[in-house]
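A short write-up of the structure that comes next.
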Amino acid sequence: MASQSRPLRALVVDDEAPARRRICDLLAKDADIATTLSAENGLAAIAMIQDARPDIVFLDVQMPGVDGFGVIDAVGPENMPVTVFVTAYDRFAIQAFEVEAVDYLLKPFSDRRFDRTMERVKERLGDGPSGSDGANAFGPELLKLVAKRARPGEIWDWIAVKSRDTTRLVMTEDIDWVEAAGVYVTVHSKGDAFLYRAGLAAVASRLDPFRFVRIHRSHIVNVRSIECLERRSHGEFEVMLKTGTRLMMSRTYRGEVEAILGQTL
């Protein structure tokens, strides 16, 4: 990666202090970042963007009061720094693309994923090999999300679970894990279990690939529901969920887990 010709100023906007601190810590390791500012809400972010004129802003989407898109509306898209959205939700991808965000970081993200984002940021600023040349300036993860989001129902925001005369909508962000149940699956969400009449492979193909990962031929888990992974014998791991549920991760799917985490286990 080419070194920047001038020091860069970054602004981190998030209403959660641990989230701000994580990005600030990562930026502190980047020799091209001279100054890192932070804001805990949208109003403060608007003032800082207008007064300090940072080169880059890492912008949370959902915040009390003025949200991330409200910040852009107030400042004006043409006056925004290079923007990276940082959020736990994938459903804002199309809006992020429309305001020309360079990337879309889904929490939780790895250090390696953040490094890729910084490469794109520097390319967009003009000193990297790609410059700001069209779609190459957008992260492939963002483009993939946008493509899927552009087709209704391609990526599920909810699963419609039918039981007699009732159809219950189970939000996918609330799903902890999905297990094979014969030719169907059982969906585990908020302590409840629902039978869904489709096979595990079919369900896996419709779940957000940046949020759900297959850990076993019988199990898919929501990464955000994982508490920890404990090493067992022969390269296998036991996955403990925040609910207390323990699931085995087979060696066959270890590579998929490492890919979504962005690091080796």
Practice problem: To the nearest 0.5 Å, tell me how far E119 CD sits from R124 CZ. | Solution: 15.0 Å
Quiz item: Are L241 and L247 close enough that some pair of their side-chain heavy atoms sits under 4.5 Å apart?
Solution: yes
Quiz item: Please walk me through it: do D174 and S189 pass side-chain hydrogen bond (donor to acceptor under 3.5 Å, both in side chains)?
Solution: CA-CA 6 Å; D174 295 330; S189 172; 5.2 Å; no
Quiz item: How about D157 and T172: does a side-chain donor come under 3.5 Å of a side-chain acceptor?
Solution: no
Self-check item: Beyond-backbone contact of N41 with D15, side-chain heavy atoms, under 4.5 angstrom
Solution: no
Quiz item: Okay, side chain of R224, backbone of D176: is any donor-acceptor separation there less than 3.5 Å?
Solution: no
Self-check item: Minimum side-chain heavy-atom gap I175-I159 below 4.5 Å
Solution: yes
Quiz prompt | Under-4.0 Å salt bridge between K122 and D30 | solution = yes
Exercise. Answer yes or no: is there a donor N or O on one side and an acceptor on the other, between the side chain of R164 and the main chain of T166, under 3.5 Å?
Key: no
Self-check item: Note, V257 side chain near L265 side chain (heavy atom, < 4.5 Å)
Solution: yes
Quiz item: Are more than 12 heavy atoms from other residues, nucleotides or ligands located less than 6.0 Å from atom CD of E179?
Solution: yes
Self-check item: Flag side-chain contact, heavy atom, 4.5 Å: V221 against M249
Solution: no
Exercise. Look at the rings of F58 and F114 and say which category their plane angle falls in: under 30° parallel, 30 to 60° tilted, over 60° perpendicular.
Key: parallel
Quiz item: Going through the distances and angles, do Y104 and F109 end up as a ring-ring contact (aromatic ring centres under 6.0 Å, His included)?
Solution: CA-CA 10 Å; Y104 194 95; F109 54 86; over 10 Å; no
Quiz item: Is the CZ atom of R232 crowded by more than 12 outside heavy atoms at less than 6.0 Å?
Solution: yes
Quiz item: Would you call V82 and V57 a side-chain contact if the rule is heavy atoms closer than 4.5 Å?
Solution: no
Exercise. Please list all pairs passing the salt bridge (charged side-chain N to carboxylate O under 4.0 Å, His left out) test where one or both residues lie in residues 41-56, with sequence neighbours left out.
Key: R6-D55
